[in-house]
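Here's the structure we're looking at; comments come further down.
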2 protein chains.
Amino acid sequence: MQKKPEKIIDLNVYKMLSDEIRLKIIKLLINGEKNVSDIINNFNIDQPLISHKLRELRENGLLISYRSGKNIIYKISDKSLINIIKITEIAGNKIDKICNCVECNE
Amino acid sequence: MQKKPEKIIDLNVYKMLSDEIRLKIIKLLINGEKNVSDIINNFNIDQPLISHKLRELRENGLLISYRSGKNIIYKISDKSLINIIKITEIAGNKIDKICNCVECNE
DNA sequence: TTTTCATATGAATATTTATACATATAATTT
DNA sequence: AAATTATATGTATAAATATTCATATGAAAA
C-alpha cells in the first residue's frame, strides 16, 4: 500500500503571500475589511486584476468575502495571518542585512 | 521629485518559502546544519537542482554556507525564520479548514 | 424594466520560475 | 600529478503564474 503524497498545507500560504499585489492587499486588509472599490482605489491596478487576486486569496482561504448591499466586502479570514505578516516583516529586515559573500561566512 | 519604488523586503522571504523543495530544505535545516550530500540524501532530487535551490536560499539570505574540509555546510541564517515556519504551519492548518463557499460566508 | 454601478469570469498572451542536463571547479586522496 | 569526491554553474526547455482585455453577472437605482 502506497503512502499518499502528503499535502504541504503551509506551502499555499507562502504562495499566496509571494505575489506583490496579493501581499499588498493582505496588508491593506489588516487595517480592517474593505469593499472591492476601496481596495482598487488604494492601488493603481486594473479592476479585473484585483478581482483575480481577491479570488485567489479567497479560494485559498486567506480572505473571506460577503455581500453588503451593492458591495462585496473582503476581510482577513484568520488573525493568525496577521502574526505571520508582522513576524516576517521583522525577519525580512534581519535577513536582508546578512551579507552572503564567502568571506563573511567562513 | 519622484518617490522611489519601495522594496518590499518580506516579499523575498515568501518567494523563497513558496517552492516545495526550498521549503523542505529549510524545514530540514531547522533540525541543524547539514552538508549538501546529506541534504541530497534526504530527498529524491538531482544534485544540480538541490544546488540551485541552495544558491537561491543563500543569495536571498535565508541560508548561510561555509566550507568544512571536503564539504559545504548550510545552515539557517536567523532563528526568526524558524518562528515563521512554525507559525505558518499552525495558521495554514486553520486556514485550510475554512470553507469559502458563498453560503458559509454570508 | 432599463440603466447603472460593482464585481466577476474566461481566455489569450506575456512573464517568471522551475527543471534537466552537460559541464566546470575546487579540495582531497591516491 | 592524476584520479576522485563534493559541489556549483550555464543554458535550454518546460511548466507555472501573472496580466490584459473583452465580456458577463447581478444587485440596486431611476
Side-chain angles (χ1 to χ4, degrees), chain A residues 5 7-8 11-26 28-29 33-60 62-75 100-106, chain B residues 5 7-8 11-26 28-29 33-60 62-75 100-106:
Chain A
K7 183 180 161 198
I8 305 182
L11 188 61
N12 266 319
V13 176
Y14 296 125
K15 282 190 176 165
M16 282 304 108
L17 299 177
S18 70
D19 173 80
E20 183 169 348
I21 296 173
R22 287 193 302 256
L23 182 58
K24 281 182 172 172
I25 291 173
I26 293 280
L28 178 67
L29 295 181
E33 60 180 35
K34 290 207 165 24
N35 65 42
V36 179
S37 302
D38 286 346
I39 296 170
I40 291 168
N41 290 333
N42 265 278
F43 310 114
N44 201 4
I45 297 169
D46 287 347
Q47 178 271 318
L49 181 51
I50 294 282
S51 196
H52 282 307
K53 300 297 183 183
L54 288 172
R55 180 156 59 89
E56 293 159 5
L57 288 167
R58 179 167 35 75
E59 287 184 346
N60 285 282
L62 280 77
L63 295 183
I64 281 172
S65 68
Y66 63 94
R67 176 176 287 274
S68 166
K70 286 205 290 187
N71 302 309
I72 307 285
I73 315 288
Y74 278 85
K75 65 178 178 186
N100 41 41
C101 82
V102 179
E103 296 77 37
C104 282
N105 292 296
E106 286 176 325
Chain B
K7 183 179 162 198
I8 304 183
L11 188 61
N12 267 320
V13 176
Y14 296 125
K15 282 191 175 164
M16 282 302 108
L17 299 177
S18 69
D19 173 80
E20 183 169 347
I21 296 174
R22 287 192 303 255
L23 182 59
K24 281 181 171 172
I25 291 173
I26 293 280
L28 178 67
L29 295 181
E33 60 181 34
K34 291 205 162 27
N35 65 41
V36 180
S37 303
D38 287 345
I39 296 170
I40 291 168
N41 291 333
N42 265 276
F43 310 114
N44 201 4
I45 298 169
D46 288 347
Q47 178 271 318
L49 182 51
I50 293 282
S51 197
H52 278 128
K53 301 296 182 185
L54 289 171
R55 180 156 60 87
E56 292 159 5
L57 288 166
R58 178 168 34 76
E59 287 185 346
N60 285 283
L62 280 76
L63 295 183
I64 282 172
S65 68
Y66 63 94
R67 176 176 287 275
S68 165
K70 286 205 288 188
N71 303 309
I72 308 286
I73 316 287
Y74 278 84
K75 65 177 178 187
N100 40 41
C101 82
V102 179
E103 295 75 36
C104 282
N105 292 297
E106 286 175 325

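Residue numbering restarts at 1 for every chain, and letters A, B, ... go by the order of the sequence lines.
Using a 4.0 Å cut-off, some side-chain N or O of B:N71 falls inside it from OP1 or OP2 of D:dT7. Between A:R67 and the phosphate of D:dA27, there is no side-chain N or O to OP1/OP2 separation shorter than 4.0 Å.
Scored by the salt bridge (Lys or Arg N to Asp or Glu O under 4.0 Å) test, B:K24 finds B:E20 as partners (sequence neighbours excluded). Residues forming a side-chain hydrogen bond (donor to acceptor under 3.5 Å, both in side chains) with A:E33 (at least two apart in sequence, or on another chain): A:Y66. A:S51 pairs by the side-chain contact (heavy atoms from CB on, under 4.5 Å) definition with A:Q47, not counting sequence neighbours.
Inter-residue side-chain proximity for B:L17 and A:V13 is flagged as unmet; no heavy-atom pair is nearer than 4.5 Å. Between B:L63 and B:I26, the closest side-chain pair of non-hydrogen atoms falls below 4.5 Å.
A donor-acceptor contact under 3.5 Å links the side chain of B:Q47 to the base of D:dA8.
When DNA chain C is scanned 5' to 3' for any atom under 4.0 Å from a heavy atom of chain A, the first and last hits are C:dC5 to C:dA11.
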Expected rows: protein N/O vs nucleotides 16-21 of chain D N/O, under 3.5 Å:
unit_1: D:dA18; atom_1: OP1; unit_2: A:R22; atom_2: NH1; d: 3.2
unit_1: D:dA18; atom_1: OP1; unit_2: A:R22; atom_2: NH2; d: 2.9
unit_1: D:dA18; atom_1: OP2; unit_2: A:R22; atom_2: NH1; d: 3.3
unit_1: D:dT19; atom_1: OP2; unit_2: A:K53; atom_2: NZ; d: 2.8
unit_1: D:dT20; atom_1: O4; unit_2: A:H52; atom_2: NE2; d: 3.2

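Atom NZ of B:K75 and atom CG of B:L29 lie 11.5 Å apart (nearest 0.5 Å).
Closest heavy-atom contact between B:S65 and B:R58: OG-CD, 3.2 Å.
In this entry the distance linking OH of B:Y74 with C1' of D:dT7 reads 8 Å, nearest Å. Following rounding to the nearest Å, B:R58 (CZ) and D:dT7 (C1') show an atom-to-atom distance of 10 Å.
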Which pairs would a plain distance check flag for residues 39-46 of chain B, meaning a side-chain donor or acceptor within less than 3.5 Å of a matching protein atom at least two apart in sequence or in another chain?
unit_1: B:N41; atom_1: ND2; unit_2: B:S37; atom_2: O; d: 3.2
unit_1: B:N42; atom_1: ND2; unit_2: B:D38; atom_2: O; d: 3.0

